[in-house]
Amino acid sequence: MKVYISIDAEGVAGISDWDQIRTKGDDFALGRRLMLGELNAAIDGVLAVDSQAAIVVNDSHGTMRNFPPDEIHGNAQLIAGPHKPLYMMEGLDASFDAILFIGYHGSIGAHPSLLSHTYNPRAVWEVRMQGRPVGESALNGLVAAHYNVPIVLVTGDAATATEAHELIPEVETVQVKTSHSRFAATNLHPAVAREQIRIGAQRALSNMGGRDLVPRYPHPARFEVTFLTADMAEACLALRNVERVPQQTRTVAAASDDLLDLFRTFVGMVMITRALVE
Ligand SMILES: [Zn+2]
């Protein structure tokens, strides 16, 4: 079995502030430790199903160098470092049997959802598909759908689970926290969260047969992005296939039958607008 894990930070139990998950944050050491604990719990669940599983971990958060490679279980390969063309989905291809999203979080508009954002909270006000706000799971799902690899498990807070089920009704979710606000949540004890993730990963991989776990998108698939300011939308018009939504100063749209191409357009928007806010 070949398993792909994309791990983010904000949906990890015990994490409640940017200071815990930014390299210069006061509590970064704690945040990294909590992330590693949940990553290894997920890997332990994979290994319970197949002790010889080939595991690739994509560090999808921030500077993307959050893990001590030698402390990751399962002899997993680690994709570390920034500027990856497929960003949170870098390294995925059709050779994988399953995808796990660990430590994921709600979209920027989700309420309530701890540290909610959609890729860049300083640029992206909202992303919509088929008229509905979507978060990172639905965007990253474009890559899963392109390669026809099932997403079997998503972990995070309650809003994360809701968004995951909107994308894939049958997906297994593990809820490790309940958000009260964007900066407050009731967290499971990390030991309990890890145990639930381990069991969840094992159950998800054991039960994936016969389930429809590859996200589905209309043809052509289309998204709209509303940015915080007009210049961000204007900069994105430089990208192929990106058009301004009529009468909308801050909103652009892109559509394609090629889901990978569409995802890369979104990554291009993230990269271009980052240059404007930093
Ligand atoms: Zn994120």
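These values consider heavy atoms only, across backbone and side chains, with no hydrogens, waters or symmetry-generated copies. One-based numbering, in listed order, for ligands and for the atoms of each.
Distance check for Glu136 against the Zn ion (ligand 1): an N/O/S atom falls below 2.8 Å. Backbone or side-chain N, O or S atoms of His61 do not reach the Zn ion (ligand 1) at under 2.8 Å.
Of the possible polar contacts, none joining the Tyr147 side chain to the Ser95 backbone as a donor-acceptor pair under 3.5 Å is found. Panel note: side chain Ser206, backbone Gln202; a donor-acceptor pair is recorded below 3.5 Å. Arg182 places a side-chain N or O within donor-acceptor distance of the main-chain N or O of Ser116, the cut-off being under 3.5 Å.
Distances from the Zn ion (ligand 1) to each N, O or S atom of His117 single out NE2 as the nearest. Looking only at N/O/S atoms, Asp8 comes nearest to the Zn ion (ligand 1) through OD2.
Proximity of Met232 to Thr229: side-chain heavy atoms (C-beta onward) are separated by under 4.5 Å at one or more points.
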